[in-house]
Structure formats: structure tokens, C-alpha cells
Amino acid sequence: MLDFRVSTFLTVCEYMNYTKAAEALHITQPAVTQHIHYLEKLYHIKLFQHDGKKLLLSPAGKILLRTASAIKSDEQFMKEQISRLSPSGLALRFGTTMTIGEAVISEPLASYLSRHPGDSLSLIISNTDDLLKRLRTGDIHFALVEGNYDTSEFDSHIYRTEPFIPVCSTRHSLPNEPCRIRDLFNEHLLLREPGSGTRDILEKHLDMKNIRLSDFTHITEIGSMHVILELLEKNLGISFLYEAAALQGIQNGTLRRMPLKDFELDHDFTFIWNRGSVFSDIYLKVYEELRRYQ
């Protein structure tokens with residue numbers, strides 16, 4: 001069982017604020033401080049450090065966070081399986097990012113459920129940042145993400161590699177064809193919200209070309225891939241997204257890949273879980289089955 005002081009530490013890591021952690025735990029702020037001091041004395045290290053008023057994890061704190069997150073997730077998983085001791089199967093909670101949830105996972109998930117009718121699955125579709133937080137807190141057991149993550153914090157396997165492409169309506173005319181990214185600065189860019197894998201990958205790729213999102217004169221941020229695709233089909237902008245998300249529109253002739261001379265990118269969809277989990281073998285079996293029927 002996870003020590004209550006370690007639970008306090010995990011809550012402080014979630015909010016990076018002692019006062020907010022105390023409120024979430026329904027205890028006093030001095031009690032939170034006392035719990036953290038106990039752990040620091042126990043391990044002979046400092047768990048947090050300050051950068052001005054900003055609270056940061058120390059290197060030792062990051063190690064404890066990785067370890068404690070895995071233990072918490074494993075404990076929760078164990079409790080759920082014990083409570084379901086019957087022929088009914090596993091109880092699994094997992095998450096996917098928007099593109100994977102809306103365009104990739106349905107068929108593999110249907111195949112999995114048909115072979116394991118006794119399993120109880122709970123699927124959350126959210127952005128990469130949110131799913132990483134849910135993994136750390138034990139809210140989900142594993143995730144399929146399209147964005148970047150800390151490889152020292154999570155174990156992982158590549159699920160598949162997907163082209164990341166520039167897309168517009170088939171009715172949309174570009175200034176030059178083929179053109180370059182800089183020729184698109186006056187276009188209306190439809191963009192996912194901060195924290196999404198799709199946006200993170202685009203920003204990092206553009207950054208390597210010394211291009212910023214702020215170079216585009218007109219940007220609309222949208223937290224739904226479905227809405228972005230609808231707006232693209234209505235010829236209300238351009239976007240950069242995974243081919244899997246736009247595939248149906250491309251196949252039915254409402255969307256097309258923009259011919260850019262300087263944009264070629266593939267990126268991995270990755271299956272991840274807390275590093276060091278004692279239930280890694282179970283998660284890997286699920287991964288193998290989902291991957292087999294993608």
C-alpha cells in the first residue's frame with residue numbers, strides 16, 4: 001500500500017503548489033509540508049527546488065515521481081482485478097489522443113472486445129498532456145499517444161508510424177503549386193489546442209525550419225479533430241495533421257494533400273505505460289492484440 005506521505009508528494013507534483021495540494025487532500029498546508037519533509041529526511045534528499053516563486057522537482061524528486069506513479073498505478077490495477085475475481089476478465093482503463101481515438105482505434109478495439117467479451121474497458125480520448133498526467137496519477141493504465149513524452153518516465157512500444165501531412169479542401173486554391181510553407185503564411189490555419197500531440201509535432205517541425213506559428217496571420221485553435229475536418233471540407237482553412245485523420249475525406253474527394261516542396265514528415269503513434277510497472281506483461285499482451293488488428 002502506498003504510504004500516505006507519498007500520496008501527498010504525488011498531489012504536490014500534480015499541482016506544483018503546496019496550498020492547492022492541501023486543498024485537494026483536505027488537510028492543512030503545514031501537514032503537506034510535514035509530509036514532504038518526512039520523505040526528504042527519510043531519503044536524505046531534497047524533493048523540490050524553487051526558481052523564484054515557481055516550484056520545481058529536483059532530480060531526486062523526478063525519480064521518486066516516476067517510481068511512486070508506477071506503484072500507485074499498479075496498486076489501483078491490483079485492487080480492481082482483486083475486486084473482479086471471477087471468470088469475467090480484466091478491468092482496463094486506457095487513453096488515446098484525438099487522432100488515434102477518432103480515426104485509428106475503433107477496429108482494433110472491436111477485434112479485441114470480440115475476443116475478450118469478459119473484459120471491462122474504459123477509454124478516455126484527450127490530448128497528450130492530459131493523458132500523461134492521468135498515467136502519472138494512476139487514472140489510466142496505458143495510453144496510445146501521438147505526441148512527445150519523457151522516455152525516462154514511461155516504457156513504450158511503437159504502435160505504428162503515420163505520415164503527417166498538409167491538408168486543404170479540394171476546392172481550395174493555393175498561391176503556387178507546388179509551394180513552400182512560407183507561401184502559406186496568409187492562409188487561415190486551423191490548429192489543435194496547446195497540449196495536443198498534433199500541435200506539438202507541428203510546432204517542433206516548423207521550429208527546425210526557423211518558422212513559428214505566429215508567422216501565420218490567421219489562426220483558429222480547435223479542440224476537436226472532427227470539427228477541424230468539417231471546416232477543412234467547407235474550405236474554411238488549411239491544416240497539418242495525420243493522414244489517418246484525413247483519409248476518409250481524401251478518399252471521398254473532399255480533401256487533398258497540399259503539394260509542399262519543404263514538408264515531409266512521419267511520426268510514431270506510441271503505446272506507453274508507467275516505467276517499471278509490475279503489470280507490464282499484461283499491458284504488452286493488450287498492445288500486441290491491438291497492433292495485430294490495426
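Values below: every heavy atom of this structure, side chains too, minus hydrogens, waters and symmetry copies.
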Output yes when a side-chain donor or acceptor of [X] lies under 3.5 Å from a complementary backbone atom of [Y], and no otherwise.
X	Y	value
Arg192	Gly197	no
Asp262	Ile181	yes
Ser120	Ala91	no
Glu40	Leu47	yes
Arg199	Gly195	no
Ser280	Gly276	no
Tyr112	Tyr293	no
Ser73	Ser69	no
Thr170	Gly253	yes
Ser114	Ser111	yes

Salt bridge or not for [X] and [Y], using N-O below 4.0 Å?
X	Y	value
Arg136	Glu14	no
Arg257	Glu264	yes
Lys133	Asp129	no
Asp268	Arg160	no
Asp281	Lys285	no

**Message:** Using side-chain heavy atoms (C-beta onward) and a distance below 4.5 Å, is Ile105 in contact with Ile125?
**Reply:** no

**Prompt:** Is there a side-chain contact between Arg291 and Pro108, using heavy atoms and a 4.5 Å cut-off?
**Reply:** no

**Request:** Among Ile, Leu, Val, Met, Phe, Trp and Tyr joined by side-chain contacts under 4.5 Å, find the other residues sharing a cluster with Ile140 and list them by chain and number.
**Result:** Ile124, Leu131, Leu132, Leu135, Val145, Tyr149, Phe154, Ile272

Would you give the length of the straight line joining atom [atom1] of [X] to atom [atom2] of [Y], rounded to the nearest 0.5 angstrom?
X	Y	atom1	atom2	result
Lys72	Ser7	NZ	OG	6.0 Å
His267	Ile158	NE2	CD1	9.5 Å
Glu233	Thr254	CD	OG1	3.5 Å

Do [X] and [Y] belong together in a cluster built from hydrophobic side chains that touch within less than 4.5 Å?
X	Y	value
Leu42	Ile45	yes
Phe4	Leu25	no
Ile27	Tyr15	no

**Prompt:** Taking everything shown except Glu193 itself, do over 12 heavy atoms lie less than 6.0 Å from its CD?
**Reply:** yes

**Request:** Tell me, yes or no, whether the heavy-atom count around Gln248 atom CD, taken from other residues, nucleotides or ligands under 6.0 Å, exceeds 12.
**Result:** no

**Message:** Does Tyr159 form a ring-ring contact (aromatic ring centres under 6.0 Å, His included) with Phe271? I'd like the steps, not just the answer.
**Reply:** CA-CA 6 Å; Tyr159 183 70; Phe271 184 97; 7.6 Å; no

**Message:** Suppose the criterion is ring-ring contact (aromatic ring centres under 6.0 Å, His included): which pairs have a residue in residues 206-259, not counting sequence neighbours?
**Reply:** Phe164-Tyr242, Phe185-Phe216, His188-His218, Phe240-Phe263, Tyr242-Phe269

**Prompt:** Mind checking what makes ring-ring contact (aromatic ring centres under 6.0 Å, His included) contact with Phe9, not counting sequence neighbours?
**Reply:** Phe48

